[in-house]
Chemist: 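Here it is, the structure, as structure tokens.
A note on names: the letters A, B, ... follow the listed sequences, proteins ahead of strands, and every chain is numbered from 1. All heavy atoms count here, side chains included; hydrogens, waters and symmetry mates do not.
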Number of protein chains: 4
Amino acid sequence: MRNNIKQQAIFLFQKKGFSETSIQDIVEAVHVTKGSFYYYFTSKESLLMEIHMDYIENLLAEQHRLYEPTSQSAREKLTGTVVLLLTKIKEDGASARIFYREMRHLQEAGYSHIVERRNQFRRQIEEVITEGIHNREFRQNLNPALTTLALLGITNWSYQWFDPDGELSDREAAAYFVDLLLHGMLPKEHE
Amino acid sequence: MRNNIKQQAIFLFQKKGFSETSIQDIVEAVHVTKGSFYYYFTSKESLLMEIHMDYIENLLAEQHRLYEPTSQSAREKLTGTVVLLLTKIKEDGASARIFYREMRHLQEAGYSHIVERRNQFRRQIEEVITEGIHNREFRQNLNPALTTLALLGITNWSYQWFDPDGELSDREAAAYFVDLLLHGMLPKEHE
Amino acid sequence: MRNNIKQQAIFLFQKKGFSETSIQDIVEAVHVTKGSFYYYFTSKESLLMEIHMDYIENLLAEQHRLYEPTSQSAREKLTGTVVLLLTKIKEDGASARIFYREMRHLQEAGYSHIVERRNQFRRQIEEVITEGIHNREFRQNLNPALTTLALLGITNWSYQWFDPDGELSDREAAAYFVDLLLHGMLPKEHE
Amino acid sequence: MRNNIKQQAIFLFQKKGFSETSIQDIVEAVHVTKGSFYYYFTSKESLLMEIHMDYIENLLAEQHRLYEPTSQSAREKLTGTVVLLLTKIKEDGASARIFYREMRHLQEAGYSHIVERRNQFRRQIEEVITEGIHNREFRQNLNPALTTLALLGITNWSYQWFDPDGELSDREAAAYFVDLLLHGMLPKEHE
DNA sequence: TATGAATGAGCTTTCATTCAT
DNA sequence: AATGAATGAAAGCTCATTCAT
């Protein structure tokens, strides 16, 4: 039940937006009464918070799993990150879209917490890039912070156009973006 | 007056969101009455539409001006595009954020129109890239559509973190992103 | 309209209690819509506050008028006070009952204000009694504070049983209570 | 358990009011579940009725014990009554305050019953006064009904200001009020 | 050109109560 | 004896919009 409500809410928040989705909308979709909703959740906003928490904690856990093996090169980790983010769209696209759009409806305390976790995710990517620079896997004059923001821009923007049922698969898109990021748009000198 | 209302609305929509901003909020900010608002605008949504139209039409006009001179290389046009988009944040940040966040509140007719104009902007970037491939300015196996989406991802995501009053200027950020897109992250072979 | 709402609210609050009276109840009695209510009052509680303010300010004004003439004896002032309070029941009984019963529904700020004004009314009665003791109009071992509380107890309790349409008039009740307070229940010594 | 619930309810009803106290509030205070509440009480209102019954029956019993000994003078009985009522504040203040404030939430049948018992208490005081008049303990032109209401006003109003932990004890307050009622405020003639 | 009164639909939330277990 | 899930009605309040002036 609790989970049922959450799933329907994710679907509706993503489709119509948090403010535009009423508790009525949610309980109608789940075929229960408003009373039931408030038996399981203390407020509409606490439901949103829970959705945010589920999403970011899961993402951080996957990032942790990805970066753990010390044997991997920075380049492999970076590729893994892009794949992770694009794959998430297929599986968790609705949650992700909510995450990047409805955060402002959280109240101060929850908001700060989510921002902190979100920054953590970003900083860990920055570290991988810094590592790659030291390794000489990447070029020396890269700016890790800006490069991370570029990477996140590319992947997060995908939530606006990527169609999991379209011709282009998540892995193909990820592969293309990694290649673009690594090699750039210019022809190789010997071409 | 009309313009006054629009400016305050842009500020409030950006700060609090479209749904969270009431007509009351707007008219209080402008120091007029609700009646006045409805003298100038037929609905809250038509005001939003107008804000969207102003933004996209202005953007398309600037794109037109940028791409017109046939003497320019694809690379120069691309650089210009990134600079244009990042510069807009400083000057028009609020409108831009509304544009990418509140579009869903437009009703069908307006929505489609905006989407069409937005696609037009995107396709014209695609064309520049295609041109550059033919020119051999860019490498031959670039995917113009995906590359454009990467470029838009990087620039549009900037609205989430770019601080016009921060240390990094809009031009510096643009320069870095263009360089990253063109050369990629890997070291040059002879390095 | 504003006043109309207030009058009906006073009637309903007195009859059913503040919490038990819904905005719906009030607007139905006035034959307007809920929207109208909130056009005139910012909240149910602010309406209650206004009722309290009207009541206590009016009472203090009447007390002021009563105590002003310096020619009057303490005894006359005291008589006037009892008459004032009992007369108010006939004219303002509903407001009075609300005043002594629903104060706790005011929020902190308003509550403190009302308490302060209420104490002021009480202290001014105390002063009259103190004055009468110095004058030797009253006996020397009276406790002004407790005597005032006794007087207020007698009059305020009247709101529980006094029927303005009954056989006993307000003036008769007042006369009796003044006499009782002044002379007590015991027979005179020479009786 | 049953009693536990009742005690907590008395505390909460007195502190927050009947309507403002939810079943949830009560069961949380007792550390049981809502289901348990309804195992012991049929409704919130029946709990209130029971509190009222406990209070008034106890009060009547104490009055009975007080008035029984035929040897006592009317004056002694009256003094006993005032002491009884003021002492009750210290011991049963919460119940008393509920009694005089929340009666209106009882439904018709229970309400009438309580009113009847309450009147009985009042009438028995009236009888003592009537007795005292016949005895010539009190002056001949006393009105027993109004005098009783004055006495009840003084004592019941005490629930609004009397602080059992303050400097003034219940017995001292009672003594003062009895003295005031018996002798009045005026100086003795030979003073 | 501008106002202010009025509306009605809808919102989030609370709560006494029921009932199968 | 006690629980916890579920309900439905109603609460206070907000808000885009209308319209006579």
Chemist: Does a side chain donor of either B/Glu108 or B/Ser112 reach within less than 3.5 Å of an acceptor in the other side chain?
Modeler: yes

Chemist: If pairs are Watson-Crick or G-U with both distances under 3.5 Å, what is the dot-bracket string of DNA chain E, marking crossing pairs with [ ] and pairs to another strand with |?
Modeler: .||||||||||||||||||||

Chemist: Is any side-chain nitrogen or oxygen of B/Tyr40 closer than 4.0 Å to OP1 or OP2 of E/dT1?
Modeler: no

Chemist: How long is the line joining CE of C/Met1 and P of E/dG4, in whole Å?
Modeler: 18 Å

Chemist: Would a distance-only check, ignoring hydrogens and angles, find a side-chain to backbone donor-acceptor pair under 3.5 Å from B/Arg97 to B/Tyr159?
Modeler: yes

Chemist: F/dA11 P sits how many Å from C/Ile26 CD1, rounded?
Modeler: 11 Å

Chemist: Expressed in angstrom and rounded to an integer, what is the separation of C/Leu48 atom CG from F/dG12 atom C1'?
Modeler: 15 Å

Chemist: Rounded to whole Å, how long is the line connecting atom CZ of B/Phe41 with atom P of F/dC15?
Modeler: 20 Å

Chemist: So, D/Asp25 side chain and D/Ser22 main chain: donor-acceptor pair closer than 3.5 Å or not?
Modeler: yes

Chemist: Looking at D/Lys34 and D/Glu28, does any basic side-chain N land under 4.0 Å from a carboxylate oxygen?
Modeler: no

Chemist: Does anything in residues 14-38 of chain C pair up under ring-ring contact (aromatic ring centres under 6.0 Å, His included), and if so which pairs, sequence neighbours excluded?
Modeler: C/Phe13-C/Phe18, C/Phe18-C/His105, C/Phe37-C/Phe41

Chemist: Does B/Tyr39 make a side-chain N or O approach to OP1 or OP2 of E/dA2 shorter than 4.0 Å?
Modeler: no

Chemist: Which is it for B/Trp157 and B/Tyr100 under the ring-ring contact (aromatic ring centres under 6.0 Å, His included) test, yes or no, and what are the steps along the way?
Modeler: CA-CA 10 Å; B/Trp157 192 251; B/Tyr100 291 114; over 10 Å; no

Chemist: Could you state the NZ-P distance from C/Lys16 to F/dA11, rounded to the nearest angstrom?
Modeler: 8 Å

Chemist: Which nucleotides of nucleotides 14-21 of chain E have their base under 4.0 Å from a protein heavy atom (B), which only their sugar-phosphate (S), and which neither (-), written as one string 5' to 3'?
Modeler: BSBBB---

Chemist: Looking at A/Arg104 and B/Glu20, is there a salt bridge between them, counting it only when a charged N and a carboxylate O are closer than 4.0 Å?
Modeler: yes

Chemist: Are OP1 or OP2 of F/dA2 and a side-chain N or O of D/Ser36 less than 4.0 angstrom apart?
Modeler: no

Chemist: Between C/Arg101 and D/Glu102 (salt bridge meaning N to carboxylate O under 4.0 Å), is one present in this structure?
Modeler: no

Chemist: Test D/Lys15 against D/Thr21 for side chain to side chain contact (heavy atoms under 4.5 Å, CB included), laying out the working first.
Modeler: CA-CA 9 Å; D/Lys15 185 172 127 200; D/Thr21 303; over 6 Å; no

Chemist: Rounded to whole Å, please give me the gap between CG in B/Asn4 and P in E/dT1.
Modeler: 15 Å

